[in-house]
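Working notes, beginning with the structure itself.
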Amino acid sequence: MNLPVTSRRQALAGAAVVVATSAFVANENASAAASLGGINAIPELASHWKELDLVEILSRPAAFMSVSQNKSLYDPGGVQAGEKHRERGSLPATVKVATAARKAANFKSFNWIGYEVFRESYPQTDFDRVQYGSWVKGLNFTPEMKKRDGELVGELRALVQPGDNEFNELALQTAFAGTQLPLELSRKRIQTIVLTGIHLDWCIEGNARAARDAGYLPIVIGDACACQKPEQEAAAMERINNFFAPVISSDRFVELISRKA
């Protein structure tokens, strides 16, 4: 797998203490981010995907997967809050997708998959030990703060229903290793998987690749995902769209499932 040279979490220690210089600069940065990433970074569907009937694909037994959409990324005080994802659109797009999927009878599995940055209790290789340690180096978080950092963000917490699955990724970049996900998908005879979450070029790409290799049909909702930086999103979406999974917008997803017979 081609990962970015700079880890999506190498800068976590500094992210929590980023201070805005002025309202003007903040607004300018938000405007620049909006023009670079999110909905504006979604590529034209690759020619091979155009041969598919996506309405039919999305009418098959399906699973929704939200990955790493934690308070860490969206709420003030989160370790990764400096990436400003609350201002970048992935959250309302995810709410739109999850709400529409919930109304579709063929969506049989809803999975809210967390990603902890505090991994002291995780089994670790030497690579894991130094990488995981770099994510939180210099942070002085209490156990309560660590727990909150890894909780599902409030807007998505409000969408969770009895019978949904909530668990954390245990591997570096996939929910298919060491979790209940493979058994969940097998038991419910899932064929299609709809992916939202962060980071696009890490967990989302990793899960899309794993899903393809396991025989599933992943679809990535581009504006319901994000990279660490907006300027990284176009390349990530192009790579995913060209090789691993169709990348579509949340509005396109809603339109496609509304056309199901």
Side-chain angles (χ1 to χ4, degrees), residues 1 52 54-73 90-91 93-117 119 121-123 147 150-200 202-222 224-225 240 244-248 250 253-254 256-257 260:
M1 170 178 178
L52 297 172
L54 290 182
V55 173
E56 190 278 327
I57 296 292
L58 283 165
S59 71
R60 299 183 187 185
F64 168 81
M65 286 174 52
S66 159
V67 183
S68 190
Q69 294 188 276
N70 299 344
K71 292 178 179 178
S72 180
L73 289 147
S90 63
L91 193 50
T94 298
V95 170
K96 182 188 303 182
V97 170
T99 301
R102 189 74 77 177
K103 296 176 182 177
N106 64 299
F107 273 80
K108 301 178 180 299
S109 177
F110 286 79
N111 303 274
W112 308 93
I113 303 166
Y115 196 106
E116 293 182 312
V117 298
R119 293 192 160 198
S121 62
Y122 279 50
K147 179 178 181 298
E151 291 174 350
L152 185 65
V153 68
E155 288 89 337
L156 300 185
R157 166 60 55 197
L159 303 181
V160 178
Q161 294 187 9
D164 291 359
N165 299 296
E166 293 187 75
F167 56 92
N168 286 337
E169 281 191 345
L170 300 177
L172 181 61
Q173 48 82 60
T174 177
F176 283 82
T179 75
Q180 65 265 50
L181 182 65
L183 185 57
E184 161 76 8
L185 300 177
S186 176
R187 283 178 168 171
K188 295 185 176 177
R189 302 183 185 276
I190 297 300
Q191 296 183 39
T192 302
I193 297 174
V194 171
L195 284 159
T196 71
I198 298 172
H199 292 84
L200 175 68
W202 189 288
C203 287
I204 301 305
E205 183 173 340
N207 278 294
R209 291 185 181 210
R212 277 294 303 278
D213 288 343
Y216 296 102
L217 308 175
I219 295 177
V220 173
I221 310 300
C225 301
I240 294 168
F244 309 117
V247 177
I248 63 174
S250 56
F253 169 77
V254 172
L256 287 169
I257 64 171
K260 290 186 303 185

Inset, instruction - Apply the test side-chain contact (heavy atoms from CB on, under 4.5 Å) to residues L58 and V194: give CA-CA distance (whole Å), side-chain angles for both, the deciding distance (0.1 Å), then the verdict. - result: CA-CA 9 Å; L58 283 165; V194 171; 3.9 Å; yes

Do the non-hydrogen side-chain atoms of [X] and [Y] ever get within less than 4.5 Å of each other?
X: V95; Y: L156; value: yes
X: K96; Y: I221; value: no
X: V220; Y: L200; value: yes
X: H199; Y: L73; value: yes
X: F110; Y: Q161; value: no
X: T174; Y: T179; value: no
X: N165; Y: S109; value: yes
X: N106; Y: T192; value: no

Work out which heavy atom in [X] is nearest to a heavy atom in [Y]; give both atom names and the distance.
X: P218; Y: A245; result: O-CB, 3.3 Å
X: M65; Y: A175; result: CE-CB, 4.5 Å
X: E169; Y: C203; result: OE1-SG, 3.0 Å
X: A62; Y: I190; result: O-CD1, 3.3 Å
X: L152; Y: K71; result: O-CE, 3.8 Å
X: I113; Y: N168; result: CG2-C, 4.3 Å

Legend entry - Steps toward side-chain contact (heavy atoms from CB on, under 4.5 Å) verdict (I193, L185): CA-CA 9 Å; I193 297 174; L185 300 177; 3.8 Å; yes

So, the side chain of [X] versus the backbone of [Y]: is there a donor-acceptor pair under 3.5 Å, distance only?
X: N70; Y: E116; result: no
X: S186; Y: L183; result: no
X: R212; Y: F244; result: yes
X: S68; Y: Y115; result: no
X: W202; Y: L172; result: yes

Inset, instruction - Using the test salt bridge (charged side-chain N to carboxylate O under 4.0 Å, His left out), find all partners of K108 that sit at least two apart in sequence or belong to another chain. - result: none

Legend entry - Pairing residues for R102 by the salt bridge (charged side-chain N to carboxylate O under 4.0 Å, His left out) criterion, not counting sequence neighbours: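 Applying salt bridge (charged side-chain N to carboxylate O under 4.0 Å, His left out) to R102 gives D164.
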
Legend entry - More than 12 heavy atoms from other groups under 6.0 Å of NZ on K147: no

Rounded to the nearest 0.5 Å, what separates atom [atom1] in [X] from atom [atom2] in [Y]?
X: I204; Y: S90; atom1: CD1; atom2: OG; answer: 10.0 Å
X: L256; Y: I248; atom1: CG; atom2: CD1; answer: 5.0 Å
X: I257; Y: I57; atom1: CD1; atom2: CD1; answer: 14.5 Å
X: N207; Y: L181; atom1: CG; atom2: CG; answer: 7.5 Å

Inset, instruction - Evaluate the ring planes of F253 and F107, with Trp represented by its six-membered ring, and classify them as parallel (under 30°), tilted (30 to 60°) or perpendicular (over 60°). - result: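 Judged by the thresholds at 30° and 60°, the geometry between F253 and F107 is perpendicular.
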
Inset, instruction - Step by step, work out the side-chain contact (heavy atoms from CB on, under 4.5 Å) result for E166 and R157. - result: CA-CA 10 Å; E166 293 187 75; R157 166 60 55 197; 2.6 Å; yes

Legend entry - Worked verdict on V254 versus V97 for side-chain contact (heavy atoms from CB on, under 4.5 Å): CA-CA 7 Å; V254 172; V97 170; 5.6 Å; no

